[in-house]
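Both backbone and side-chain heavy atoms feed into the values below; hydrogens, waters and symmetry mates do not.
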Amino acid sequence: MRPAASDHSPRETTVSHRPLHLGAAALLALIGLAVSLAACSQRDSWSEAELATLESLSLSSLPPLPADPSNAYGDDPRAADLGHSLFFDTRLSGNGQVACATCHLAELDFTDGKPLGEGVGTTSRKTMTVVGTAYSPWLFWDGRADSQWSQALGPLESSVEHGGSRLQYAHLIADQYADEYEAVFGPLPDLSGLPASGGPVDDPVARANWESLSPAQQEEVTRVFVNVGKAIAAYERLLMPGESRFDRYVAAVAAGDDEAAAALLSDDEVAGLRLFIGEAGCTNCHNGPLFTNNEFHNTGVPARPDLPEDTGRALGARQVLESEFNCLGPWSDAEPRDCTELRFLKAEGHELERAFKPPSLRNVAESGPYMHAGQFATLGEVLRHYDDAPHAPAGHSELSPLGLSDEQLAQLEAFLRTLSAPLATPEELLREPADLPRSAAADAAARPLATEGAGR
Amino acid sequence: MSNTGLSKTAKRIRTAGIVAGAVLVLLVVVGWLWMSYVPDDLDLSTTLPTENGLYVVSYEPSETPIPVNEIHTWTLTLTTADGRPLDHAHVSVDGDMPQHGHGLPTQPIVTDYLGDGRYLVEGVKFQMGGWWVMDFVVESDAGTDKVRFNFILD
């Protein structure tokens with residue numbers, strides 16, 4: 001029904017303008033929609049160079065597991081089985097209570113949730129993960145080992161970690177793992193009549209015992225010790241990171257699937273990712289699919305007053321060159337030409353001073369506290385440090401202040417949390433093997449400490 | 001009297017403090033700008049004469065584009081200024097990131113002479129993207145000279 005002509009004057013005005021108003025409203029709505037659509041598609045729109053960077057960070061860019069020429073047993077499943085048992089066996093310690101798994105807990109991305117590692121004593125460094133280390137030319141925060149097997153040997157003879165000695169471990173292998181060992185590595189030496197402990201360690205008794213052995217006996221014992229490391233390394237090679245929300249997001253963006261991309265990462269997470277690969281400069285060091293360049297950088301991390309001076313790579317570089325367990329050493333299975341990283345190692349240079357290895361950021365939300373001595377409790381503190389870029393306590397920090405806002409720092413943290421994912425390793429390899437010799441697994445005295453270490 | 005004297009001293013100290021602070025801020029800003037500055041006219045040539053013109057040096061990486069985080073080799077080709085292949089030269093290698101205050105993660109070395117003025121450089125590795133320089137010092141009977149190559153890695 002049309003309105004009556006009599007009351008047309010005021011209302012006609014209204015009526016005649018209504019389409020205009022409606023039109024304007026519709027236009028505004030359309031503009032709004034267009035803007036939000038544009039914002040939405042812009043949110044996930046990356047330049048070709050940015051997309052290449054995203055793809056370089058994605059797990060899909062991870063090359064196949066590289067061979068370790070220094071470990072001839074690295075890909076032997078029987079060695080990995082043995083290594084799996086050894087990794088969880090607390091008898092590989094001076095007090096029978098410390099296994100590799102005491103500090104490398106599967107539920108915490110094979111770290112321990114503590115600022116400093118705690119074995120039979122307390123170390124001066126934070127426990128690093130062992131996940132994905134098959135890809136790393138250097139192990140430990142200072143790279144003082146150059147293979148997974150030589151890394152594994154370090155804590156076993158450290159007086160504050162496992163606190164044992166190589167002769168003690170050789171006896172354990174002969175007593176408990178002889179069949180498994182000999183199937184892979186060949187006959188065990190005759191250890192009867194040798195002392196219970198012995199090795200080039202801090203403990204004076206074990207050291208004196210070691211020095212009482214002939215060079216030939218020392219060599220036989222060291223060979224068993226080295227093979228313990230090689231078996232553990234064969235197991236650790238299987239510990240690999242799994243696909244995270246970030247990886248799925250990159251796949252969606254690469255496929256042009258905006259809807260899937262939008263469902264995978266929130267606006268803040270995408271903004272954080274943009275900062276991560278751009279303004280914040282994180283990919284200078286945290287690059288590649290494992291989010292680490294595996295090299296060494298001084299980022300001005302504060303020194304802990306309760307710990308001795310730590311020169312980082314400056315000492316680590318010298319130690320790996322001198323190590324009897326390095327790639328060029330007598331226990332390595334590699335040809336010298338395979339040891340390129342060690343042969344061309346940089347041992348001198350101001351940039352080595354207090355430089356530490358950037359850890360992988362995969363599962364970083366699960367692996368705090370952070371930095372080489374657990375200096376920061378939270379990711380927020382870490383990001384604040386990078387934003388502030390304080391002077392290094394020794395050497396020179398490579399950082400420059402970023403000047404990011406609180407919101408941007410929160411976005412970076414939100415992005416880092418998208419890197420969490422269960423490992424791409426069969427579940428049975430993440431827990432103590434069912435057939436671990438009962439005398440070890442059932443050692444009730446050992447369990448409480450290991451459980452406490454889990455931070456449960 | 002003494003109060004006035006003290007306050008003058010205090011003012012001087014304060015002024016000096018402000019000036020020192022301003023100079024410090026300026027230095028930090030200039031330093032920061034300097035660190036983030038990549039020259040527009042960066043010469044990205046892979047063949048260059050050495051600084052004093054004694055030699056001409058070319059490089060060819062074993063992989064292109066030059067990889068990040070992967071140890072690889074470079075082949076250098078050295079000629080005399082008049083284009084004759086240079087043999088029996090001693091070449092030393094160094095590299096740097098002008099904006100980052102650090103160099104190469106490795107110590108590359110010339111390990112082999114391949115003939116025809118070509119030299120194998122082993123142990124080359126770059127640990128991040130950005131502006132890099134590689135410096136070569138060439139020594140032979142003709143004298144010592146050096147060359148710097150610039151390149152930008154993604």
Backbone N/O of B:G103 and side chain of A:E351: donor-acceptor pair under 3.5 Å: yes
- request: Side chain from CB out, backbone as N, CA, C, O: work out which of these in A:E341 comes under 4.5 Å of a heavy atom of chain B, or both, or neither.
  value: both
field: Residues in residues 109-116 of chain B that sit under 4.5 Å from chain A, counting heavy atoms only
entry: B:I109, B:T111
Separation of [Y] [atom2] from [X] [atom1] (nearest 0.5 Å):
X      : Y      : atom1 : atom2 : value
B:L104 : A:K346 : CG    : NZ    : 5.5 Å
A:R343 : B:I71  : CZ    : CD1   : 8.5 Å
B:Q99  : A:N284 : CD    : CG    : 9.0 Å
B:Q127 : A:F296 : CD    : CZ    : 10.5 Å
A:E295 : B:H102 : CD    : NE2   : 10.0 Å

Please check if the number of heavy atoms outside [X] that lie under 6.0 Å from its [atom1] is greater than 12.
X      : atom1 : answer
B:E63  : CD    : yes
A:H350 : NE2   : yes
B:D43  : CG    : yes
B:D87  : CG    : yes
A:H396 : NE2   : no

field: Closest-packed option against chain A by number of heavy-atom pairs under 4.5 Å, given B:P108, B:G123, B:G129
entry: B:G123
- prompt: Contact part of B:V68 toward chain A, heavy-atom cut-off under 4.5 Å: side chain, backbone, both or neither?
  reply: side chain
task: Look at A:T283, A:N287, A:T340 and state which one has the largest set of heavy-atom pairs under 4.5 Å with chain B.
output: A:N287
query: Do A:N294 and B:N69 get their side chains close enough for a donor-acceptor pair, meaning under 3.5 Å?
result: no
task: Quick one: do A:L345 and B:Q107 satisfy side chain to side chain contact (heavy atoms under 4.5 Å, CB included)? Show the steps, please.
output: CA-CA 6 Å; A:L345 172 145; B:Q107 177 54 68; over 6 Å; no
- prompt: How far apart are the C-alpha atoms of A:H297 and B:M128, what are their side-chain angles, what is the distance that settles it, and do they pass the side chain to side chain contact (heavy atoms under 4.5 Å, CB included) test?
  reply: CA-CA 11 Å; A:H297 300 276; B:M128 60 179 70; 3.5 Å; yes
